[in-house]
Amino acid sequence: MTPDEFRRHGRQVIDWIAAYQEKIESYPVRSQVAPGEVLDALPQSPPETGEGFEGLLADLDRVLMPGITHWQHPSFFAYFPANASGPAILGDLLSSGLGVQGMLWATSPACTELETRVVDWLVQLLGLPDAFRGNGVIQDSASSASLVAVVAALHRAGGGKVGRDGITAPYTIYTSSQTHSSLEKAARICGIGAAAVRMVDVDQQTLAMDPACLATTIARDRAAGAVPLLVCATVGTTSTTAIDPVPEIGAVCRRNGAWLHVDAAYAGVAAVCPELRWLNDGLAQYADSYVTNPHKWMLTNFDCTVLWVADRASLVGALSVLPEYLRNQATASGEVIDYRDWQIPLGRRFRALKLWSVVRWYGAQGLRAHIRTGIDLAQQLAGWIEADAAFHLHPHHPLGLVCFRPLWPRLPDTEADAATQRVMQRLNDSGELYLTHTKAGGRVLLRMAIGAPGTEPRHVRLAWDRIATAVHTEAAP
């Protein structure tokens with residue numbers, strides 16, 4: 001593809017994306033295809049000769065678009081937001097165009113130094129502890145960040161021996177029933193084992209981890225000869241955005257020499273708003289590592305997770321391997337950061353470009369406005385739910401997620417939960433909106449996560465009206 005051909009087709013692609021954004025509401029939110037339908041529409045064999053780009057764009061519309069679930073649709077309320085924005089898309093395009101492999105400072109100094117600067121900007125924007133300055137790195141996801149944190153904790157706990165000799169001590173990890181599954185996966189990958197992951201009780205009202213139960217569980221494990229390795233406190237759980245008491249959990253970790261990893265994948269970016277800085281309580285005093293995802297609620301398309309550590313020594317010590325072919329003068333000088341030592345893979349993309357683009361385009365004011373809009377719409381929705389006697393509103397919804405359930409007074413709990421899921425399935429099948437569910441207190445709850453860039457009050461109101469109508473219709477004798 002020559003530069004002139006790239007210009008011509010590049011304009012076509014940009015026009016296609018812009019048109020998609022303009023008409024996104026015309027699509028069903030969730031894909032309507034059956035399993036295998038897209039696969040069957042694709043040729044069994046690759047072309048023998050090149051076909052050009054027009055045919056590809058035609059097949060994008062004809063074959064792939066029916067199989068797309070539209071995460072940027074203003075009526076997408078499932079999971080958590082996965083924000084994409086014009087500045088982020090263009091930043092990603094620039095990254096692809098440059099084709100940088102940023103494993104070492106020497107392989108592209110700007111890739112490394114822009115990342116250092118932009119994650120330090122986030123320290124300022126989110127009001128994070130000063131200890132995080134110069135100690136942040138962009139990962140692909142919070143799951144990778146959890147694995148990196150566990151590896152760093154192992155390095156610290158074993159004095160560096162784990163990387164050389166393997167795991168020889170009975171280490172334990174502490175989570176709650178609300179902690180993301182990535183912690184159990186990290187334990188499996190690292191060889192600690194899922195059986196060494198302890199599930200700490202939660203407060204039945206708030207679903208936050210119980211620090212007293214954590215202390216008791218650690219004491220019992222230590223008496224049995226185990227070594228408390230890491231505790232994961234969550235600020236904004238996936239299920240209901242429950243918020244663990246980080247200061248109290250941190251104090252337990254400090255007394256027991258355990259690494260405190262704080263997972264704020266969804267909620268952390270909300271601290272760009274000064275009135276939400278309480279989300280950072282306990283970080284400065286206790287957090288050994290902290291993660292949040294700009295690719296969820298901060299207008300930066302996937303993938304872009306930021307991990308900070310209070311002290312990089314354990315992280316770099318655990319992950320640094322230096323074969324001859326990577327040796328260079330800059331690395332040997334000790335004056336540069338090589339981010340390959342801060343992650344699991346060797347290679348790394350220039351993700352900082354899209355985050356830099358977003359922060360420069362929106363500024364702090366624009367980012368705050370986006371977060372506040374999502375929270376305001378969530379509070380409106382909560383008010384409508386609370387005012388309808390046919391529904392129960394799950395308490396504790398300070399951010400953009402609202403959980404609730406129909407009451408179904410004539411049905412026992414099991415049948416009531418089945419009725420809730422039937423209603424959700426019909427709503428999702430309609431293509432008019434997309435919800436997901438969770439369980440709390442043994443009951444099925446509907447989750448409505450608000451935060452897509454295009455979501456306006458009318459979309460939330462229409463979604464609620466459809467939900468209420470569906471429930472009242474299902475409940476009618």
Side-chain angles (χ1 to χ4, degrees), residues 30 75-81 175-184 199-210 213 232-245 263 265-267 375 377-430 432-451 460 463-477:
R30 195 190 67 184
S75 295
F76 183 99
F77 302 113
Y79 306 105
F80 278 133
T175 69
S176 80
S177 60
Q178 306 302 303
T179 305
H180 194 272
S181 59
S182 61
L183 269 296
E184 180 181 335
M199 191 174 294
V200 179
D201 290 344
V202 297
D203 180 278
Q204 292 305 305
Q205 296 300 314
T206 65
L207 300 182
M209 183 185 287
D210 181 348
C213 181
C232 179
T234 307
V235 177
T237 60
T238 301
S239 183
T240 64
T241 61
I243 295 170
D244 290 339
D263 179 353
Y266 163 67
I375 293 173
L377 292 176
Q379 296 312 309
Q380 290 181 44
L381 171 64
W384 299 330
I385 295 168
E386 200 164 29
D388 191 322
F391 289 86
H392 166 74
L393 174 67
H394 184 72
H396 314 292
H397 44 83
L399 302 170
L401 177 71
V402 181
C403 297
F404 58 99
R405 62 179 173 85
L407 289 175
W408 311 116
R410 298 188 182 91
L411 299 177
D413 289 354
T414 302
E415 292 181 25
D417 287 344
T420 298
Q421 292 189 301
R422 281 197 305 272
V423 168
M424 181 185 72
Q425 189 66 42
R426 282 202 299 271
L427 289 165
N428 290 344
D429 288 347
S430 74
E432 295 173 339
L433 71 162
Y434 190 14
L435 307 173
T436 48
H437 76 282
T438 189
K439 276 191 172 182
R443 302 302 307 277
V444 170
L445 300 178
L446 299 176
R447 297 172 73 260
M448 194 158 164
I450 301 171
V460 180
W464 167 243
D465 289 345
R466 286 169 172 156
I467 293 166
T469 298
V471 168
H472 287 295
T473 300
E474 176 80 13

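Taken to the nearest 0.5 Å, the OG atom of Ser75 stands 14.0 Å off from the CZ atom of Arg30. To the nearest 0.5 Å, atom CG of residue Leu427 and atom CG of residue Leu433 are 5.0 Å apart. With rounding to the nearest 0.5 Å, the separation of OG1 in Thr420 from CZ in Phe404 is 9.5 Å. For the atom pair CG of Leu183 and OG of Ser176, the computed distance is 9.5 Å after rounding to the nearest 0.5 Å. Here OG of Ser430 is found 10.5 Å from CD of Gln425. Values are rounded to the nearest 0.5 Å. Distance check: Gln379 CD to Glu386 CD gives 10.0 Å after rounding to the nearest 0.5 Å.
Between Thr473 and Arg426 the shortest side-chain heavy-atom distance does not fall below 4.5 Å. Taking 4.5 Å as the limit, some side-chain heavy atom of His394 sits within range of a side-chain heavy atom of Leu207. A heavy-atom distance below 4.5 Å is found between the side chains of Arg447 and Leu401. Trp464 is not listed as a side-chain neighbour of Gln380, based on a closest heavy-atom distance of 4.5 Å or more. The shortest side-chain heavy-atom distance between His180 and Asp263 falls under the 4.5 Å cut-off. Counting heavy atoms from C-beta outward, Val202 and Asp210 have side chains that stay 4.5 Å or more apart.
Counting only distance, with no hydrogens or angles, the side chain of Thr436 and the backbone of Tyr79 share a donor-acceptor pair below 3.5 Å. Using modelled atom types, no side-chain atom of Thr469 and backbone atom of Arg466 make a donor-acceptor pair closer than 3.5 Å. With Gln178 contributing its side chain and Ile243 its backbone, the two residues share no donor-acceptor pair below 3.5 Å. Side chain of Thr237 to backbone of Ala242: a donor-acceptor contact under 3.5 angstrom is found.
Nearest approach of Met209 to Val200, heavy atoms of both residues: CG-CG1, 3.8 Å. Of all heavy-atom pairs spanning Ala468 and Asp388, the tightest one is CB-OD2, 4.3 Å. Between Ala389 and Leu407, the shortest heavy-atom contact is O-CD1, 3.2 Å. Of all non-hydrogen atoms in Glu474 and Trp408, the two that sit nearest each other are CG-CH2, 3.3 Å. The shortest heavy-atom contact between Ala449 and Ala78 is CB-O, 4.3 Å. In plain terms, the two heavy atoms of Gly236 and Ala267 that are nearest each other are CA-CB, 4.1 Å.
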> Met448 and Leu381: side chain to side chain contact (heavy atoms under 4.5 Å, CB included), yes or no, with the steps?
Replying inline: CA-CA 9 Å; Met448 194 158 164; Leu381 171 64; 3.5 Å; yes

> Could you go step by step and tell me if Ile375 and Leu399 meet the side chain to side chain contact (heavy atoms under 4.5 Å, CB included) rule?
Replying inline: CA-CA 5 Å; Ile375 293 173; Leu399 302 170; 4.3 Å; yes

>> I'd like to know whether Ile385 forms a side chain to side chain contact (heavy atoms under 4.5 Å, CB included) with Val402, so could you lay out the CA-CA distance, the side-chain angles of the two residues, the decisive distance to 0.1 Å, and finally the verdict.
In response: CA-CA 9 Å; Ile385 295 168; Val402 181; 3.7 Å; yes

>> Would Leu435 and Asn428 count as a side chain to side chain contact (heavy atoms under 4.5 Å, CB included) here? Give the steps.
In response: CA-CA 7 Å; Leu435 307 173; Asn428 290 344; 4.1 Å; yes

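Annotation for Phe391: atom CZ counts as buried by contact number, over 12 foreign heavy atoms lying within 6.0 Å.
Every salt bridge (charged side-chain N to carboxylate O under 4.0 Å, His left out) that Asp465 has, sequence neighbours left out, goes to Arg461. Applying the side-chain contact (heavy atoms from CB on, under 4.5 Å) rule to Asp417 yields the partners Arg443, Val444; only residues at least two apart in sequence or on another chain are considered.
In this pair, Tyr266 and Phe80 present their aromatic rings parallel. The plane angle is below 30°, not in the 30 to 60° band.
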